[in-house]
Amino acid sequence: MVYYPENYLIEDEKMKPFIDSSEIINILNNTKPDKSRVREIISMSLDKKRLSMHETAVLVNTNSPDLVEEIKEGAKELKRKIYGDRIVLFAPLYIGNYCSNNCSYCGFKKNNKDIIRKTLYENELIKEVQTLENHGHKRLVLVYGEHQVYSPEFIAESVKTVYSVKEKNGEIRRVNINAAPQDIKGFETIKNAGIGTYQIFQETYHKDTYHKVHLSGMKRNFDWRLTALDRAMEAGIDDVGIGALFGLYDWRFEVLGLVRHVNHFEAVYNVGPHTISFPRIQYALDMNLDMKYIVNDYDFTKLVAILRLAVPYTGMILTAREPAELRDEILKFGVSQIDGGTNIELGGYSDENRHLQDINKEQFTINDDRPLNEIIHELLLKDHIPSFCTACYRMGRTGEHFMEFAVPGFVKKLCSPNALLTLAEYLEDYAPEETKTLGYQVIEKKLNELAENQNIRILKQKLESVKNGERDQYF
Ligand code: SAM
Ligand code: SF4
């Protein structure tokens with residue numbers, strides 16, 4: 001039993017369902033925002049305090065445009081204060097789209113006869129990874145449909161194959177997974193392949209809606225999915241990612257569902273999730289959905305800012321489902337990771353004949369298909385540091401987001417230098433001249449800002465060594 005803010009008693013148990021819809025609805029219906037309370041809650045978050053469900057509900061129920069601006073400003077300040085200006089880049093790599101479920105929002109659903117089904121086996125997978133490495137990627141998330149073909153052993157094998165591909169100076173240093181829930185033994189098999197984060201999105205925390213949109217297959221079992229990441233933790237995967245698919249039910253409910261999930265992890269494992277994702281419904285072939293809960297851009301931006309404030313220590317992922325302009329805007333409110341140069345077609349990265357998105361081959365439509373270099377160039381223009389850092393994970397510093405948050409000076413001492421080192425690698429190996437020049441200008445500027453850093457002398461030496469051809473330099 002753990003006591004939480006407001007003496008709120010939580011009796012969570014490992015691998016036991018923890019969502020009670022009426023509890024969430026009660027909190028939402030009985031929370032009234034007033035100016036001073038909203039400000040008090042924002043400042044609690046800026047003092048690095050994780051918000052309770054009641055406190056989060058106050059922000060969720062805030063509708064006055066001025067106060068919503070203050071929430072967004074708070075999220076911006078929290079990001080600046082704790083995380084600095086780094087943005088970690090990754091790419092999704094779809095491995096297979098066979099699926100035995102019927103999720104009404106997804107193009108891969110079993111009953112969709114128009115989708116072209118494919119699984120990447122060894123040679124095709126290697127080709128995809130080579131292409132991604134030639135673009136400069138170092139971090140991937142492998143994505144799988146839910147199907148008996150994609151067994152834990154199959155997933156583990158594909159992870160090993162990805163790590164084995166070394167193209168020129170390129171290599172993949174961190175492989176994350178987005179795949180079906182497993183039993184504990186299955187998670188162990190996958191963990192042993194050396195994965196980073198295992199992501200599973202609950203899609204909706206509202207049980208009735210969950211049953212309405214998951215029509216058949218294993219995924220229809222709400223509790224099996226809800227407790228999946230507990231089993232992952234039991235199997236020793238201590239980096240797990242949660243998420244909700246916004247647009248299935250009321251976004252306010254889903255935000256509280258996510259916070260409730262965080263509560264659960266803190267209560268039973270004493271550690272929160274590594275990342276939170278907030279995918280928003282996009283068009284998919286054969287999609288069959290009630291559009292009543294589609295989230296508009298204003299509410300979407302607001303909910304990202306609220307999530308940042310509610311769980312200040314966790315990484316937040318914003319994907320290419322969203323259009324470029326909106327992504328640039330939302331980045332400010334606390335996002336720490338984005339995908340770049342994204343292609344979600346099976347085998348799409350290495351397909352030289354592919355020019356346009358083909359909905360017959362994709363799970364859904366993406367709205368930001370800028371090449372990785374364009375994204376990096378624009379991040380640099382806006383004074384962000386594009387980062388491919390994987391240092392913590394490889395130094396055994398798991399839970400780095402928590403350290404970034406909890407250890408004073410951690411970002412300045414380790415994260416920013418490591419981000420600059422991976423940026424320099426990218427500039428040397430993959431960037432066009434114009435981006436390289438801009439990138440080194442940004443590096444110089446950031447070095448000046450880090451002048452007091454105790455690692456500055458070694459950092460400058462390491463940067464020189466990258467220019468001289470050394471790779472994989474980190475603290
Ligand atoms: N099949 C596994 C599963 O369902 O968990 C693995 C990943 S699924 C391919 C990845 C995620 O894509 C889902 O969890 C869901 O949140 C999201 N997704 C599915 N259909 C979508 C759509 N039409 N628009 C946006 N995101 C979607
Ligand atoms: Fe299958 Fe996942 Fe799509 Fe559902 S969301 S149909 S489980 S691939």
Side-chain angles (χ1 to χ4, degrees), residues 92-115 117-120 140-152 154-155 158 176-182 186-187 190 197-205 209-222 224-226 228-229 232 240-249 251 254 257-258 275-291 293-295 300 317-323 339 342 344-346 357 359 361-368:
L93 173 54
Y94 277 67
I95 306 289
N97 65 0
Y98 284 86
C99 196
S100 47
N101 292 322
N102 268 309
C103 309
S104 51
Y105 45 82
C106 178
F108 292 168
K109 71 166 78 72
K110 183 180 172 191
N111 287 354
N112 181 5
K113 302 290 177 237
D114 295 327
I115 194 92
R117 305 275 172 187
K118 192 174 167 71
T119 299
L120 299 186
L140 302 181
V141 55
L142 307 189
V143 186
Y144 307 75
E146 184 162 344
H147 192 271
Q148 63 201 28
V149 175
Y150 312 130
S151 63
F154 176 93
I155 295 177
S158 52
N176 297 331
I177 301 290
N178 189 324
Q182 311 291 337
F187 277 124
I190 297 170
T197 310
Y198 203 108
Q199 304 174 342
I200 297 175
F201 307 152
Q202 186 60 25
E203 320 297 12
T204 171
Y205 287 91
T209 304
Y210 189 91
H211 288 130
K212 270 186 209 145
V213 297
H214 297 108
L215 304 172
S216 64
M218 192 63 178
K219 193 162 168 183
R220 201 170 148 72
N221 187 331
F222 181 87
W224 172 251
R225 195 165 178 92
L226 189 66
L229 292 173
V240 296
I242 64 172
L245 180 55
F246 282 90
L248 297 179
Y249 188 60
W251 67 264
E254 307 297 10
L258 287 165
T275 53
I276 298 184
S277 297
F278 29 88
R280 191 163 57 148
I281 288 281
Q282 306 299 324
Y283 174 73
L285 204 64
D286 198 30
M287 190 158 95
N288 172 19
L289 259 196
D290 179 356
M291 294 301 183
Y293 294 113
I294 292 302
V295 184
F300 189 61
I317 303 178
L318 177 66
T319 69
R321 287 172 180 86
E322 304 303 333
D339 50 343
T342 298
I344 62 170
E345 209 167 280
L346 277 289
Q357 288 188 54
I359 196 65
K361 294 182 178 166
E362 292 172 338
Q363 190 190 11
F364 49 80
T365 321
I366 59 165
N367 289 300
D368 183 0

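Side chains are part of it too, since the values below use all heavy atoms of this structure and drop only hydrogens, waters and symmetry mates. In listed order, ligands and their atoms are each counted from 1.
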Fit a plane to each ring of Tyr98 and Tyr150, take the angle between them on a 0 to 90° scale, and name the class: parallel (under 30°), tilted (30 to 60°) or perpendicular (over 60°). tilted
Logged contact type for Phe364 with ligand 1, heavy-atom cut-off 4.0 Å, is side chain
Atom 3 (C) of ligand 1: of Met287, Glu146, Arg225, the nearest heavy atom sits on Arg225
Are any of the N/O atoms on Tyr94, whether in the backbone or the side chain, positioned under 3.5 angstrom from an N/O atom of ligand 1?
no
Any donor-acceptor N or O pair under 3.5 Å, side chains Thr204, Glu254 | yes
Check: of Gln282, Arg321, Lys109, min heavy-atom distance to atom 26 (N) of ligand 1 comes from Arg321
ask   = Is the side chain of Ser151 donor-acceptor paired with the backbone N or O of Gln148 at a distance under 3.5 Å, no angle test?
value = no
Val143 heavy atoms within 4.0 Å reach ligand 1 at atoms 7 (C), 9 (C)
One finds that the ligand 1 atoms under 4.0 Å from a non-hydrogen atom of Lys219 are 3 (C), 4 (O)
With a 3.5 Å cut-off and no angle check, do the side chains of Thr319 and Asp339 form a donor-acceptor pair?
no
Counting from 1 in the order shown, the ligand 1 atoms closer than 4.0 Å to a non-hydrogen atom of Tyr144 are 1 (N), 2 (C), 6 (C), 7 (C)
Donor-acceptor pair between Tyr144 and Thr119 side chains, under 3.5 angstrom: no
Given the options Lys219, Arg220, Lys110, Glu146, Asn101 meets side-chain hydrogen bond (donor to acceptor under 3.5 Å, both in side chains) only with Glu146
Inset, instruction - Check for a donor-acceptor pair, side chain of Asp368 on one end and backbone N or O of Ala320 on the other, with a separation under 3.5 Å. - result: no
Answer yes if the ring centres of Tyr198 and Phe187 are under 6.0 angstrom apart, and no otherwise.
yes
Checklist entry - Using a distance-only test with no angle check, is there a side-chain donor-acceptor pair under 3.5 angstrom linking Gln363 and Tyr94? => result yes
Per-atom filter on ligand 1: closer than 4.0 angstrom to a heavy atom of Gln363 are 8 (S), 9 (C), 10 (C), 12 (O), 18 (N), 19 (C), 20 (N)
Do Leu258 and Ile276 touch side chain to side chain, with heavy atoms closer than 4.5 Å? yes
Any nitrogen or oxygen of Tyr283, main chain or side chain, under 3.5 Å from a nitrogen or oxygen of ligand 1? no
**Report entry** Proximity flag Asn178 to ligand 1, non-hydrogen atoms under 4.0 Å
**Finding:** yes
The closest protein heavy-atom partner of atom 20 (N) of ligand 1 is Tyr105 CD1, 3.3 Å
- Message: For the aromatic rings, using the six-membered ring if either is Trp, is the centroid distance between Phe246 and Phe278 under 6.0 Å?
- Response: no
Are the aromatic ring centres of Phe154 and His147 under 6.0 angstrom apart? no
Ile281 heavy atoms within 4.0 Å reach ligand 1 at atoms 24 (N), 25 (C)
Cys106 heavy atoms within 4.0 Å reach ligand 1 at atoms 20 (N)
Sorted by chain and number, protein N/O/S atoms nearer to atom 3 (Fe) of ligand 2 than 2.8 Å are Cys106 SG
Quick look: Glu203 vs ligand 1, heavy-atom contacts under 4.0 Å, and the answer is side chain
Residue pairs passing the salt bridge (charged side-chain N to carboxylate O under 4.0 Å, His left out) test with at least one member in residues 279-290, sequence neighbours excluded, are Lys109-Asp286, Arg280-Asp297, Arg280-Glu322
For atom 5 (S) of ligand 2, the closest protein heavy atom turns out to be Lys219 NZ, 3.4 Å
